[in-house]
Each structure stands twice: as structure tokens, then as C-alpha cells.
Number of protein chains: 2
Amino acid sequence: MSPRRVPVSRRDRPAKAALSRKGLISVALQIMVDEGLERVTMRRLASELDTGPASLYVYIQSTAELHGALLDELLFGLELPREETAWREAVMELLSGYTRILHRQPSLARSVLTLRPSGPNYLRFVDLLLGYLLAGGVPVRSAAWGVDLLVQLATATAAEHGTRDESPDAAGEVDLQEMAVREAIPAEYPNIDRVRDELFSGTGEERHRFAFDALLDGIAARP
Amino acid sequence: MSPRRVPVSRRDRPAKAALSRKGLISVALQIMVDEGLERVTMRRLASELDTGPASLYVYIQSTAELHGALLDELLFGLELPREETAWREAVMELLSGYTRILHRQPSLARSVLTLRPSGPNYLRFVDLLLGYLLAGGVPVRSAAWGVDLLVQLATATAAEHGTRDESPDAAGEVDLQEMAVREAIPAEYPNIDRVRDELFSGTGEERHRFAFDALLDGIAARP
DNA sequence: ACCTGAACACCGTTCAAGT
DNA sequence: ACCTGAACACCGTTCAAGT
């Protein structure tokens, strides 16, 4: 006969908030930071809170909504540019801060890409970006449409960065794309051949700057 | 006693290719086009091919690799600009074609975002884009880095478009972000207040053009 | 009214054991 | 050598039935 599993007594566990939306999100945040968003599942959350998964739906609507809440939690910690920073540099700093936060959480970035976040800290972030663009003389429409674009690029960049160094065996994995490009025969892909060396050149930091400089230039130049 | 389930005779099924990588991908493509990428699961694929899911791993490495193959299948049908098209317009047409293809398949777009595709049709697409940028006088490094950026934006745009009109009840669903923005109080979010009307203005087509014009301008203006 | 056990309808991937 | 049954270790969401 196998020994009956004795549940760990409540006293042995860390103190736990009563079931509530806030408590739910803070437990989810903890798991995400410690183990990655992949581990933040309804079932895991439920077991962490000593209940069944169905109970969570009293406080949240869906996983997507939970992810939105997690993004807003993270954005609470977004560093803001100092008061006197010039507008263009301020935009860059703000976007870098956002990207840095999501870089650590690529799965969340992937989720956010289809989310249309609406939390207060996200709105604050967008409002600040808009403020700088307008201060820089960017026309209203270009600022409004441009801010969407800048944030989308930042999110996509973090999302793309994703799985590659997240997977445990990423180090030993060959990049099939890089291999295919390096081996692309000149006759078939003449232009890849011409720029081959530059396709994978530069540090992440350099390419990040290039991307946001280019996009910001383009937005500012729109009539 | 429950009646034994008699399997449908093979003659009653559509003719089916022998198990092979090619056959696998073409069945996957069919399911994706008919029912969406969500339905293209290893188990579904296996049952469609009258085998167990384990057998598929003889021909493909993982779901990610399968998605890469599906993208390349779709890109086979990418419309190419006519010979005499001016470089800038050609870039736009090429990117629009790519975006159009992925727009119909937003889940694939989401997957592609973290994929680094390497199929022949994808390489052809990148090679063509590069050719037009170089023909337009864009410096080698800006062309190489820029093409990545343009494709990334196109993919992200298709991915973002995603879930919203894919979900069955999208029509009845309120956009929480739009609601939050429309209700953002001026005192707290003064800049959102200033540009409020423009944040959701424009057709998809107009914003698409704005995005690629801005990015392309910015890339071309880089030294 | 608020909460939840149990079920529904699934997943991707591995590996020992066939043939 | 090639292939696969069965298992491993999970999912999100719903809903009838508690309290």
C-alpha cells in the first residue's frame, strides 16, 4: 500500500493573501519573474492559491486579460526620463526602458502584441511618449499614429528576441536562418550575396538604436 | 454493450499521399487554409494521416519548424512587382503582398515573429527587397538592417491584427483599450486628450501606408 | 450570490518496444 | 533502420451543483 500523501500544513507555507484579484495578480507576477510566463497557468495559479482553476474566473476573464494586468504591473517600474531631457532623447529613453522590461519577459511581449493593453501604467507610458512627440513639433496625426508604431516595434523586438535564448538548449542550437543566408548561392540570391556580411552585423544595441532612429526620423518627417 | 466503432473504409476517404514530409506539409497547409493554424496540431495531422503523433517526428523536428515550412508554402504565391516598377513602389508592393498573405493567417504571423524563417521563398522575398533598396541608393548597411526592420513590422502588423477578428465573438466584444483611451481623463493623461480623435482615426490601409512610408523614409535617410 | 469539483476537449514530445 | 502505441506531463474554460 502506498503511503497517503499528507498535504503540507498551511503553517509551513509562506503567508498567502486571501483570494482576490490583487492577490491573484501578485502571485502570477511572482511566478512569471521567477520561472517565466510559461509557468503562469490557470492550474498552477490555482494550486498556488489552494483552490481549483474555476475559481480564478471569478476575478479575471481570461489568460489574455491576466497578461494585460501583468504588463501593467511591470510598467509600474518603468524609468521616466529626467525633467530637462531633450524630447528626442526622452523618447529614446522611454522606449528603451519599455523594451528592456519586455526583453526579460519575451513570452509576455508575444502576448502583448495581440493585446491592446489598457492599464493605467500603459496609458501613462503612451501619454508621455505622445507628450514628447508633440513637444518636438510632430504634427498631431503623425504623433498619434507614430506612437502606436514605435510601441509596436518595441514590443515586436522584445517578442522576437524571445524563444531563442529562452529555450534551455539555445546555446547548442544552430540558427537555421543564419546558416541558410550564409550558404545562399550568389546566382540565386544576388542581393543577399552583396550585403551578406551586414545582415548579421552589429550588436543588439546598435541595431536597436538604428531601428528607433530610423522610425522616429520617418515619423517626424511625415507632414 | 456499446456497438464497436467501425472505422470508415479507406475507399471512402479522399486519396491520401503516402507519409512523407511533403505530404505532411500539404495536409497541414490544407487544414490551415480551411480551419486556421489553431487546428493544425500534431494530433490532428496524425489522425488525418492515419497514424500516431509520434510518427510525424520522423519528418519534422517540431511545430516551429512546421510553421516555417507553412510560411514558405504561402510565400510561393507572393505576387512580384512588374519589371519596370520604380524601386520605392516595388518595395511597397512587395511588403503589401507579404502583409496580405499573413493577414489571412494571423496565428502564423505570430509564430513567424519568433521563427527566423529560412525557406527558399522567404529568402527570395528578402533578396528582392534588398535589391530594390540597393537600387534606390540605400547604403549597404542600411539596406541590410532596414530589410529586417521592414519585414518585422509587416509581420508584427499581421500578428497584431490577429485574434481580434479571429475570435468568433469579436463583433460583440468591446475594445477595452479604445474604451480606456476614450475615457482617459484629461487631467491625468493630457496628451492622450490632445490627440484623442486621431488615435483611432484612419483606415487600416491608410495606417499601413503611413507605417511603411515612415519607416522606409527613415531607413533611406540613414547615412 | 459566490464559489468550485469535475468534466470537456484537448495539447507537444519522448521513448521503449515493435517490425 | 524505420516507425509507432502508449505514456508523460500537462493545457483553458465551462457548468452543474454545492454552500
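All heavy atoms count here, side chains included; hydrogens, waters and symmetry mates do not. Note that the structure is a prediction, hence the values are computed from the model and not measured. Quick note on labels: first sequence line is chain A, next is B, and so on, each numbered from 1.
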Legend entry - Pairs involving residues 184-210 of chain A, ordered by first then second residue, that meet ring-ring contact (aromatic ring centres under 6.0 Å, His included) (sequence neighbours left out): A:His208-A:Phe212, A:Phe210-B:Trp145
Inset, instruction - Inspect the contact between B:Glu48 and B:Arg44 and indicate whether a charged nitrogen and a carboxylate oxygen are less than 4.0 angstrom apart. - result: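 Yes, this pair counts.
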Inset, instruction - Apply ring-ring contact (aromatic ring centres under 6.0 Å, His included) to A:Tyr132 and list each qualifying residue two or more places apart in sequence or on a separate chain. - result: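 In terms of ring-ring contact (aromatic ring centres under 6.0 Å, His included), with neighbours along the sequence ignored, A:Tyr132 is linked to no residue.
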Legend entry - All stems with DNA chain D, defined as three or more consecutive Watson-Crick or G-U pairs under 3.5 Å: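 Correct response: C:4-8 with D:12-16, C:12-16 with D:4-8.
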Take the protein atom [atom1] of [X] and the nucleotide atom [atom2] of [N], then report the distance between them rounded to whole Å.
X       : N     : atom1 : atom2 : result
B:Asp50 : D:dC3 : CG    : C1'   : 15 Å
A:Leu49 : C:dT4 : CG    : P     : 10 Å
B:Leu56 : D:dG5 : CG    : P     : 11 Å
A:Leu19 : C:dC3 : CG    : C1'   : 9 Å

Inset, instruction - Please tell me if the side chains of B:Leu80 and B:Leu94 come closer than 4.5 Å, counting only heavy atoms from C-beta onward. - result: yes
Legend entry - Beyond-backbone contact of B:Ser107 with B:Glu38, side-chain heavy atoms, under 4.5 angstrom: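 Yes, at least one pair of side-chain atoms sits under 4.5 Å.
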Inset, instruction - Please state the P separation for the pair C:dC8 and D:dA9 - nearest whole angstrom. - result: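 The answer is 24 Å between these two P atoms.
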Inset, instruction - Using the P atom on both, measure D:dC10 against D:dA6 and round to a whole Å. - result: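 So the two P atoms sit 22 Å from each other.
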Legend entry - Sequence neighbours excluded, every pair satisfying side chain to side chain donor-acceptor pair (under 3.5 Å) that has a member inside residues 22-31 of chain B: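 Listed once each, the pairs would be none.
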Inset, instruction - List in numerical order all residues of residues 65-74 of chain A for which some heavy atom is under 4.0 Å away from an atom belonging to DNA chain D. - result: none
Inset, instruction - Return yes if a side-chain donor-acceptor contact under 3.5 Å exists between A:Thr155 and A:Gln152, otherwise no. - result: no
Legend entry - Flag for B:Ser62-B:Glu65: side-chain donor and acceptor within less than 3.5 Å: no
Inset, instruction - Hey, could you give me the CG/OG1 distance between A:Leu19 and A:Thr51, rounded to the nearest 0.5 Å? - result: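 Rounded to the nearest 0.5 Å, the CG-OG1 separation comes out at 6.0 Å.
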Inset, instruction - Could you check A:Gln105 against A:Leu71 for side chain to side chain contact (heavy atoms under 4.5 Å, CB included), going step by step and ending with a plain yes or no? - result: CA-CA 10 Å; A:Gln105 232 48 255; A:Leu71 173 70; over 6 Å; no
Inset, instruction - Provide the closest heavy-atom pair for A:Ala28 versus A:Leu66 in the form atom of the first, atom of the second, distance. - result: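 That would be CB-CD1, 4.2 Å.
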Inset, instruction - Can you check each nucleotide of nucleotides 8-16 of chain C against protein heavy atoms at under 4.0 Å and return B for base, S for sugar-phosphate only, - for none, in 5' to 3' order? - result: B--BBBBB-
